[in-house]
Each structure stands twice: as structure tokens, then as C-alpha cells.
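Predicted model, so just to flag it, every value in this text is computed and none were measured.
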Amino acid sequence: MENLPFQNEWTPLLKAELESPQMQALFGFLEKRRASGVEVYPPSDQVFAAFAQTPPQNVRVVILGQDPYHNVGQAHGLCFSVNSGTPVPPSLANIFRELRDDLGIGMPSHGNLGAWANQGVLLLNTVLTVEKNHAGSHQGKGWEQFTDRVIRLLSDGDRPLVFMLWGAQAQKKGQSIDRSKHCVLTSSHPSPLSAYRGFLGCRHFSKANDFLKSQGVAPIDWSLPELPKP
């Protein structure tokens, strides 16, 4: 069964949701798809990587994506991120372009955003799995309710956070966020199809750090350190 492959502070917060009949049906669906030979991304041990890498008490920023990359070798459980050594997808290239224009950060040599996750950037997709070459194939299977629960938990917490909602799907899911407490930044999706409609030039990275500093919280270092070759 797909399940949380770790024990940290997320576990008691999400236990009831994960044990719900709806989620058990989703896990059964995923098992059957994998058993039938369908390639499902990310690998089963990386589906919950965002939660393993960024415990709730560490969260400072939430970046909300849609569903994982659907090409071979890309998705590894952090939205928009790819493993070191994997070519940078177009959406991520636009994110790096905006980082350069916003903060003067040079283009990284890889697309692994794990350094952000380790600093408290929850890299969350609205849907956590996808089938090879079929974007959106696991939408409507139950992941949306699970990630809605995650967003509500974070919104209801005591600490002001930054939520980056890129694209219509992310913005729709952000309707439950308490905007009197949190900084909610919205724009078009960084995909090449829509980046020019508001993502490029949004300056979300500097705005996020400005908000964190205004709350007495350390800003995010958005640069990505070099990683060893895989």
C-alpha cells in the first residue's frame, strides 16, 4: 500500500486523512495501476517526498504545483523539481529565469530543488501521482482532497506563511487560505504556454523574503548549491 514512508510531525496530522476510505481507495487504485504494468510517477517511495523533506514546523513558504512531471526520470516528489542530471523542464527554466530577473541569481546547473525544501519551502503538487506520458491522469482520484487538508492545516496554524499559487488550479485550491494572516502570491503558471501572462516579472521570490523578514523570520536562500553528479 502507498503510505507515508517516514515518521515525523506530519504523521499524526495526516493519519486520519490517510486512513480514510477515500484514501484507501486511492491507494488501491495506484497498486492496481502499477501491478498492471503502468508506469506511475514519481516512484512509490518518493510520492510523499515533500512531507519527508519539509516537516510542518519548518514550513515558511508553500509553492503549489499541479501534478508531477509525466516523462521518464523527472518526478521525484517535489513540485517543479527534477533529480540532478535530469534536463531542466521548460516550466522550471522559467522559474529560474524569474529568479535571475528578480534576485540576480545565476542559472543553476541542475533542477533539484531539495535545497529549498530543506529550508522550509513545501514543494507541493495538488495531485501527487501521474501516469507516464499522460498529464493529469490521476486528477479526480482523491489526491485533491488530501492536499486540500494539508493547505487547511497550514492555513490554520499560528505562524504566518507565504503561499505561491501559480496558475488557475493552484489559485482555486488557495481559496481556503486565511489571507488576513498569510501572504498569498498569485500569478499565471510558469509553463511556456502561460508564463508571459503574469509569471515572468511577478517578483514572488523577493516578495516572499520581504514578508518573512517583516515577520521576524529568516528569508529563503533561493540559490541552488552545486550537487555531485548522480
**Complete:** Residues passing the side chain to side chain contact (heavy atoms under 4.5 Å, CB included) test with S194, sequence neighbours excluded, are S188, H189, S191, R197

**Message:** Main chain of I177, side chain of H182: is a donor-acceptor contact present, judged purely on distance under 3.5 Å?
**Reply:** no

**Request:** Work out which heavy atom in G157 is nearest to a heavy atom in K181; give both atom names and the distance.
**Result:** O-NZ, 2.7 Å

**Message:** Under a 3.5 Å distance rule, please check whether S155 uses its side chain to pair with a backbone N or O of R152 as donor and acceptor.
**Reply:** no

**Asked** Which pairs with one or both residues in residues 161-178 pass salt bridge (Lys or Arg N to Asp or Glu O under 4.0 Å), sequence neighbours excluded?
**Response** D148-K173

**Item:** W143 and T126 side chains, donor-acceptor separation under 3.5 Å
**Value:** no

**Message:** Checking the side chain of Q119 only, and the main-chain atoms of A115 only, is there a donor and an acceptor separated by less than 3.5 Å?
**Reply:** yes

**Asked** Does the T54 side chain pair with the main chain of L122, one donor and one acceptor, at a distance under 3.5 Å?
**Response** no

**Under the side-chain hydrogen bond (donor to acceptor under 3.5 Å, both in side chains) test, residues paired with Q53 that sit two or more places apart** = N118

**Prompt:** At their closest point, which heavy atom of T147 faces which heavy atom of L124, and how far apart are they?
**Reply:** CG2-CD1, 4.1 Å

**Message:** Between K141 (side chain only) and A25 (backbone N and O only), is there a donor and an acceptor less than 3.5 Å apart?
**Reply:** no

**Request:** Can you tell me which residue pairs pass the side chain to side chain donor-acceptor pair (under 3.5 Å) test with a partner in residues 60-70, sequence neighbours excluded?
**Result:** none

**Item:** Stepwise side-chain contact (heavy atoms from CB on, under 4.5 Å) test for K207 and F211
**Value:** CA-CA 6 Å; K207 290 176 181 178; F211 177 81; over 6 Å; no

**Message:** Taking P108's backbone N and O only, do any of them form a donor-acceptor pair with E226's side chain (distance below 3.5 Å, no angle check)?
**Reply:** no

**Request:** Could you walk me through whether F80 and W166 pass ring-ring contact (aromatic ring centres under 6.0 Å, His included), step by step?
**Result:** CA-CA 11 Å; F80 295 109; W166 297 339; 5.6 Å; yes

**Item:** Counterpart residues, side chain to side chain contact (heavy atoms under 4.5 Å, CB included), relative to D102 (two or more places apart)
**Value:** E98, R203, F205, S206

**Request:** Please confirm whether the backbone N or O of V59 pairs with a side-chain atom of R159, one donor and one acceptor, at under 3.5 Å?
**Result:** yes

**Fill in**
Across all chains, not counting sequence neighbours, the ring pair (Phe, Tyr, Trp, His ring centres under 6.0 Å) partners of H76 are none

**Request:** Quick one: do R34 and E39 satisfy side-chain contact (heavy atoms from CB on, under 4.5 Å)? Show the steps, please.
**Result:** CA-CA 6 Å; R34 292 188 194 274; E39 289 191 49; over 6 Å; no

**Asked** So, does W116 use its side chain to make a donor-acceptor pair with the main chain of W222 at under 3.5 Å?
**Response** yes

**Item:** Exam field: side chain N94 to backbone A195, donor-acceptor pair closer than 3.5 Å
**Value:** no

